[in-house]
Amino acid sequence: MKPILAITMGDPAGIGPEICARALARKEVYDLCRPVIVGDAKMLQKAVGLLQLDLQVHAIQNISDARFEYGTADVYDLDLIDLDSFRWGEVQKQCGDAAFQYVRKAIELAMNNEVDGTCTAPLNKEAIHLAGHNYDGHTEIYAT
């Protein structure tokens with residue numbers, strides 16, 4: 001059985017959603033693991049549209065609802081981003097908090113044995129600090 005990997009989306013205003021979309025558009029990823037993005041489904045959908053990828057976004061609230069099928073990106077949807085105030089490429093408090101929460105959820109899923117491992121997309125340290133999370137990066141979040 002292939003391992004289930006929780007992949008954090010990273011900072012929604014950064015390159016994380018695009019990296020995740022491009023990765024899950026590759027069949028090779030599904031040959032190696034059962035990936036699930038931890039983030040916001042609507043942000044992954046925006047990245048898929050921007051990149052014009054042939055990829056369906058499947059929002060889930062439980063790992064057991066994931067399809068793990070090539071052509072479908074399962075997203076453990078935390079729905080944290082307000083699209084009315086969201087701006088691509090800008091440091092934003094909501095994006096810093098979202099990136100932090102994605103990492104915390106991935107850790108929780110791993111600690112509860114719902115996923116076999118985690119990997120992370122880039123986050124913005126300035127944004128997570130703006131959101132009140134005083135960590136220097138992923139390593140320090142994992143350490144707590």
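Worth saying up front: this structure is predicted, and the values here are computed from it rather than measured.
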Throw together a table of side-chain donor-acceptor distances under 3.5 angstrom for residues 46-73, partners on residues two or more places apart or in other chains.
| from | atom 1 | to | atom 2 | distance (Å) |
| --- | --- | --- | --- | --- |
| H58 | ND1 | D74 | OD1 | 2.7 |
| Q61 | NE2 | D77 | O | 3.0 |
| Y70 | OH | A25 | O | 3.4 |

>> Restricting to ring pair (Phe, Tyr, Trp, His ring centres under 6.0 Å), what partner residues turn up for F100, sequence neighbours left out?
In response: H133, Y135
> How close do E114 and I4 get, heavy atom to heavy atom, and via which atoms?
Replying inline: O-CD1, 3.9 Å
>> Give me the atom names and distance for the closest heavy-atom approach of D116 to P3.
In response: OD2-CA, 3.3 Å
In residues 7-20, what donor-acceptor pairs under 3.5 Å come from side-chain atoms, sequence neighbours left out?
| from | atom 1 | to | atom 2 | distance (Å) |
| --- | --- | --- | --- | --- |
| T8 | OG1 | A121 | N | 3.3 |
| D11 | OD1 | A13 | N | 2.7 |

> Between SG of C95 and CG of L130, what distance do you get to the nearest 0.5 Å?
Replying inline: 10.0 Å
> Does K27 come within less than 4.0 Å of D31, counting only side-chain N to carboxylate O?
Replying inline: yes
> Side chains of Y76 and L78: closer than 4.5 Å at any heavy-atom pair?
Replying inline: yes
>> Quick check: is L44 connected to L80 through a chain of hydrophobic side chains (ILVMFWY, heavy atoms under 4.5 Å apart)?
In response: yes
> Between the side chain of K125 and the main-chain N/O of D136, is any donor-acceptor distance below 3.5 Å?
Replying inline: yes
> For the side chain to side chain contact (heavy atoms under 4.5 Å, CB included) test, which of K105, Q101, R104 pairs with V38?
Replying inline: K105
> So M111 and I107, side-chain contact (heavy atoms from CB on, under 4.5 Å) or not? Walk me through it.
Replying inline: CA-CA 6 Å; M111 296 299 289; I107 292 168; 4.0 Å; yes
>> For a side-chain contact (heavy atoms from CB on, under 4.5 Å) check, start with the C-alpha distance between L5 and V115, then their side-chain angles and the critical distance, and finish with the verdict.
In response: CA-CA 6 Å; L5 293 183; V115 300; over 6 Å; no
> Who are the side-chain hydrogen bond (donor to acceptor under 3.5 Å, both in side chains) partners of Y142, not counting sequence neighbours?
Replying inline: T118
> L32 and K2: side-chain contact (heavy atoms from CB on, under 4.5 Å), yes or no, with the steps?
Replying inline: CA-CA 7 Å; L32 298 171; K2 296 177 211 165; over 6 Å; no
> Between S85 and Q94, is any pair of side-chain heavy atoms under 4.5 Å apart?
Replying inline: yes
>> Quick check on the hydrophobic clustering: are Y102 and L24 connected, directly or via other members, by side-chain heavy-atom contacts under 4.5 Å?
In response: yes
>> R22: which residues meet the salt bridge (charged side-chain N to carboxylate O under 4.0 Å, His left out) condition with it, sequence neighbours left out?
In response: none
> For K42, what residues pass the salt bridge (charged side-chain N to carboxylate O under 4.0 Å, His left out) criterion, not counting sequence neighbours?
Replying inline: D40, D79
> Is there a path of hydrophobic side-chain contacts, each under 4.5 Å between heavy atoms of I, L, V, M, F, W or Y residues, that connects I81 with V75?
Replying inline: yes
>> Under a 3.5 Å distance rule, please check whether E90 uses its side chain to pair with a backbone N or O of R87 as donor and acceptor.
In response: no
> Are V91 and V103 grouped together when hydrophobic residues (ILVMFWY) are joined by side-chain heavy atoms under 4.5 angstrom apart?
Replying inline: no
> In terms of heavy-atom contacts, does NZ of K93 have more than 12 from other residues, nucleotides or ligands at under 6.0 Å?
Replying inline: no
